[in-house]
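Encoded as structure tokens, the structure appears first; notes follow it.
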Number of protein chains: 2
Amino acid sequence: MQVSALPVLDRKIPVYEILGEESLERIHQASLDILEQIGIEFRDAEATRMWRDAGAEVDRFRVRIPGDLLMALIAKNPERFTVRARNPERSTEIGGNKVAFAPTYGSPFVYDFNNERRYATLADLQKFHQLAYLAPVLHNTGAVTCEPVDVAIPKRHLHITYSAIKHSDKPFMGPVTAPERAADAVRMAQLVFGDDALDAGPVMISLVNCNSPLVWDETMLGALKVYARANQAVIVAPFVLAGANTPASAVGAVAQLNAEALAGIAFAQLCRPGCPMIYGHFLAAVSMKSGAPMAGTPELAFMNFMIGQLARKYRLPLRSSGMLAGAKRVDAQAAYESIQNMWGAFLSGANYILHSAGWNEAGLGASFAKFVLDCEQVEMFYRLGQGPQFDDMADALATVREIGPGGHYLGTEHTQAHFQTAFFMPTLLDNNSFEQWQLDGAKDANARALEAARRMLESYEPPPLDPAIDEALLAFIREREAVLPDGLE
Amino acid sequence: MQVSALPVLDRKIPVYEILGEESLERIHQASLDILEQIGIEFRDAEATRMWRDAGAEVDRFRVRIPGDLLMALIAKNPERFTVRARNPERSTEIGGNKVAFAPTYGSPFVYDFNNERRYATLADLQKFHQLAYLAPVLHNTGAVTCEPVDVAIPKRHLHITYSAIKHSDKPFMGPVTAPERAADAVRMAQLVFGDDALDAGPVMISLVNCNSPLVWDETMLGALKVYARANQAVIVAPFVLAGANTPASAVGAVAQLNAEALAGIAFAQLCRPGCPMIYGHFLAAVSMKSGAPMAGTPELAFMNFMIGQLARKYRLPLRSSGMLAGAKRVDAQAAYESIQNMWGAFLSGANYILHSAGWNEAGLGASFAKFVLDCEQVEMFYRLGQGPQFDDMADALATVREIGPGGHYLGTEHTQAHFQTAFFMPTLLDNNSFEQWQLDGAKDANARALEAARRMLESYEPPPLDPAIDEALLAFIREREAVLPDGLE
């Protein structure tokens with residue numbers, strides 16, 4: 001079976017610049033002041049030693065980083081790099097004007113094919129990896145799209161990583177829940193790409209979150225050290241619940257998260273100068289009434305735009321989040337929030353847009369229906385990013401002359417030649433008449449999407465994987481499982 | 001009852017410029033070439049006479065307009081103006097950085113409070129006018145939000161206009177289905193504002209559509225002449241079904257519609273130099289497979305952006321369309337399409353965004369649920385347009401210092417002082433936990449919105465209207481109804 005895939009988007013349209021130079025500089029300076037004067041905690045003894053050796057002021061876990069040192073470390077981070085895939089055609093450029101889209105990540109629940117919300121399983125995860133492989137606009141298979149709760153936690157990362165490798169040939173993401181688990185993923189990647197391949201450049205993108213405000217904890221630093229030293233890409237992402245773990249100010253929140261991200265990336269450069277880190281963030285606004293996180297609100301768009309300008313100032317690749325929603329159904333709310341959120345992320349100039357498909361219920365539920373609906377919407381953003389086409393303008397205008405007042409264009413040669421590419425045509429959105437829609441079963445978007453996802457999975461054939469590599473991966477998993485406990489100690 | 005209302009948005013964030021100067025100039029020049037060389041039809045004998053007198057080349061209905069003449073007429077159009085409301089606090093500035101939002105327009109069907117789709121009635125229309133009055137973010141009551149099919153067509157405009165005046169105190173829109181009906185609306189407005197008031201400036205915004213490609217028909221020109229001569233604002237709008245009545249090219253479609261809009265506005269300036277016209281458009285892309293119109297697709301965003309740049313070049317106020325959707329339910333499709341479409345419209349710099357609330361089924365169905373859901377989304381765009389706030393930045397940063405690493409902000413003085421304004425909190429979107437949502441009845445967005453709309457209508461009290469004016473309007477309607485037929489001749 002031929003699987004279609006869109007290359008990483010080469011964005012031709014401008015980013016959206018919301019700040020003037022002076023306001024941008026004020027936020028940048030505020031972040032430097034935070035790191036110099038307040039400092040940030042690195043709750044890891046090796047990390048604080050490394051910071052002291054580098055010239056920072058260290059007081060137990062509190063690290064105060066001089067601005068010059070910070071910016072010198074940031075300058076070591078590559079502006080762009082390529083993440084290799086096991087299918088070379090699926091290798092992914094990150095940075096510059098490139099935009100890669102990746103699926104949702106980390107949901108304990110699924111919204112399944114029976115429209116039930118239940119705990120996720122490894123079988124669900126495998127389906128999500130298959131869908132990510134089949135979705136032309138996704139550039140990464142992801143990792144823990146949903147949590148396979150039927151696998152023991154200490155062994156879970158092995159099966160997640162194996163599934164991502166086995167069911168797709170796109171780049172994937174690595175586990176971060178413990179340094180040893182990150183090391184297992186590095187070893188599995190070496191089995192796929194060769195022992196020395198990783199040193200030459202990344203084959204994985206992993207995700208570490210800052211414990212905002214201003215704390216990098218031992219677990220995240222442990223995973224970050226493993227991946228940075230193995231030259232593997234990591235998204236260094238403050239986890240912002242704006243108003244709860246940041247000031248109740250979009251500008252203040254950005255100043256804080258910028259300090260957190262820069263400190264994390266600078267630390268990675270202490271681990272291995274030149275390692276490929278991505279400026280990351282997760283943004284939610286917190287309802288000051290209920291404490292609930294909210295997506296797609298206007299301040300999150302501001303924050304996306306401001307962070308985009310900061311990342312470009314630092315020449316760092318940027319990750320944002322796409323189709324976030326807090327709905328408990330794949331209903332109008334889910335879509336309102338998702339598209340509101342994606343426009344902010346997309347026009348911010350983000351290079352890696354995580355959570356581009358399937359996210360619902362504030363990340364607690366991964367939906368198969370929303371996964372495929374979101375993918376079609378992301379294809380529209382992809383098309384948007386390609387910009388308007390001027391190459392057939394003269395022909396188009398000649399057609400205006402040919403048709404003249406009161407005519408119509410459907411039969412013209414120009415229309416025949418261009419109708420398939422001129423205007424994007426969604427297939428999961430029903431634009432037929434009400435009567436036709438009724439004849440087709442009067443299905444809402446969720447119902448049509450579940451049918452589409454089921455058809456995709458029925459058509460799925462795994463991408464070829466060298467049987468020797470497959471066996472080596474399975475042998476490694478057996479070997480590790482023999483020594484890993486079944487429960488948490 | 002105190003009704004809250006947001007003033008017309010004074011947009012503080014930048015518009016989105018997708019074209020460089022050279023590409024913009026190419027489209028502008030193509031539009032001038034179309035009007036000079038191909039020409040455009042004005043199917044109205046008085047109009048062609050006026051064009052000939054002005055110096056255009058006229059061949060029966062075909063009018064070829066020299067570029068100099070066209071641009072000289074366009075220059076007479078005001079760059080901005082105010083539409084007076086019967087409540088002076090609701091008067092609406094149009095143009096410049098101002099953005100006004102108006103409800104949907106023209107649907108024969110409603111999606112009602114029982115989730116049924118049925119033909120609309122005058123009672124439905126009155127409810128929509130009441131909701132428009134109550135919605136803080138809507139700056140216009142609209143007119144034929146839905147078609148009151150229970151009123152005879154020749155008399156319908158009288159009841160539509162009366163309802164808009166009676167049930168709200170915001171500016172409203174006038175009928176365009178015949179010149180005499182436009183004249184009736186002008187007379188009714190004079191009864192409200194005084195006999196000479198309209199001459200001083202607009203109290204109504206009406207909407208005429210071009211019969212694309214390149215035809216202004218007699219009905220639309222008839223209404224346009226009445227309103228232009230009465231100094232009333234008109235949206236001069238090519239009705240684009242891109243690919244069917246334009247070339248299969250976003251750029252080519254814009255060149256054509258730009259010619260159509262400019263010709264219409266220029267003609268209005270022949271009717272009354274300096275009359276307040278708005279550069280308008282309605283954009284849908286046509287499915288080349290089914291012929292169905294589609295909203296929210298990426299090329300429509302391009303087209304919005306390009307048209308915005310053209311309107312600014314000509315210093316013309318701009319109208320776009322907001323929450324367009326082709327769904328047959330208020331489901332995820334309706335919301336995906338609506339927000340996709342609104343971002344294009346909003347960042348284009350449009351000054352008057354029609355169809356900002358309630359539109360569904362490609363305009364055939366007006367939904368009460370979608371009306372209130374859309375209004376909340378539009379409030380988010382309003383907030384977006386206000387831009388990020390820097391005025392409390394120093395206080396916010398002082399709070400970062402106060403809290404330090406690992407703290408949390410909910411209890412701080414800064415948070416207490418700013419929590420109500422720092423982050424927009426939607427009320428129709430449910431961001432509670434799954435369990436709380438279940439306890440609240442497991443309602444989807446459509447169900448919650450219907451409840452909200454019902455509550456709004458229960459709270460409705462009509463804005464005061466001088467009984468003498470009310471009686472004069474009713475007397476005028478009686479007088480006109482005595483001579484108008486009940487059916488079409």
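As the structure is a prediction and not an experimental result, all values here were calculated from the model. Residue numbers start from 1 in every chain, and the chains themselves are labelled A, B, ... in the order their sequence lines are given, proteins ahead of strands.
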**Where at least one partner belongs to residues 243-252 of chain A, residue pairs that pass side-chain hydrogen bond (donor to acceptor under 3.5 Å, both in side chains), sequence neighbours excluded** = none
**Request:** Give, as side chain, backbone, both or neither, the part of B/Leu429 having an atom under 4.5 angstrom from any heavy atom of chain A.
**Result:** both
**Prompt:** Among A/Tyr336, A/Phe381, A/Phe419, A/Phe61, who wins on heavy-atom pairs under 4.5 Å with chain B?
**Reply:** A/Tyr336
**chain A contact via B/Gln389 - side chain, backbone, both or neither, heavy atoms under 4.5 Å** = backbone
**Asked** So do the side chains of B/Met393 and A/Ile27 get within less than 4.5 Å of each other, counting heavy atoms only?
**Response** yes
**Message:** Can you tell me which portion of B/Ser433 sits under 4.5 Å from chain A's heavy atoms? Options are side chain, backbone, both or neither.
**Reply:** backbone
**Message:** When you measure from the centre of the six-membered ring of B/Phe390, is the NZ or CZ of A/Arg26 closer than 6.0 Å and no more than 45° off the axis?
**Reply:** no
**Item:** Heavy-atom contact with chain A under 4.5 Å, split by part of B/Asn446
**Value:** neither
**Contacting region of B/Leu19 [heavy-atom separation from chain A under 4.5 Å]** = side chain
**Asked** Where on A/Glu337 is there a heavy atom nearer than 4.5 Å to chain B: the side chain, the backbone, both, or neither?
**Response** side chain
List the atom pairs, with distances to 0.1 Å, where a side-chain N or O of residues 293-305 of chain B and a protein N or O form a donor-acceptor pair under 3.5 Å, not counting sequence neighbours.
unit_1   : atom_1 : unit_2   : atom_2 : d
B/Glu299 : OE1    : A/Phe424 : N      : 3.0
B/Glu299 : OE2    : A/Arg383 : NE     : 3.0
B/Glu299 : OE2    : A/Phe424 : N      : 3.1
B/Asn304 : OD1    : B/Ser320 : OG     : 2.6
B/Asn304 : ND2    : B/Leu300 : O      : 3.1

**Message:** With a 4.5 angstrom heavy-atom cut-off, is it the side chain or the backbone of A/Gln256 that approaches chain B, or both, or neither?
**Reply:** side chain
**Atom group of B/Ala242 that falls short of 4.5 Å from chain A, counting heavy atoms** = both
**Prompt:** For B/Asn211, is it the side chain, the backbone, both or neither that has a heavy atom under 4.5 Å from a heavy atom of chain A?
**Reply:** neither
**Fill in**
Applying a strict 4.5 Å limit to non-hydrogen atoms, the region of A/Gln340 in contact with chain B is both
**Asked** Should B/Leu364 and A/Phe434 count as side-chain neighbours, where that means a heavy-atom distance under 4.5 Å?
**Response** no
**Item:** Contacting moiety of B/Ile34, where chain A heavy atoms sit under 4.5 Å
**Value:** side chain
**Prompt:** Side chains of B/Asp33 and A/Leu397: closer than 4.5 Å at any heavy-atom pair?
**Reply:** no
**Message:** Please classify the contact of B/Ala244 with chain A as side chain, backbone, both or neither, using a heavy-atom distance under 4.5 Å.
**Reply:** both
**Asked** Can you check side chain to side chain contact (heavy atoms under 4.5 Å, CB included) on A/Leu214 and B/Ile403, steps first, answer last?
**Response** CA-CA 10 Å; A/Leu214 298 170; B/Ile403 295 303; over 6 Å; no
**Prompt:** What option among A/Glu379, A/Gln416, A/Met306, A/Arg329 has the most heavy-atom pairs under 4.5 Å with chain B?
**Reply:** A/Arg329
**Message:** So for A/Asp374, is it side chain, backbone, both, or neither that comes closer than 4.5 Å to the heavy atoms of chain B?
**Reply:** both
**Fill in**
One option among A/Gln436, A/Arg62, A/His408, A/Lys12 has the most heavy-atom pairs under 4.5 Å with chain B, and it is A/Arg62
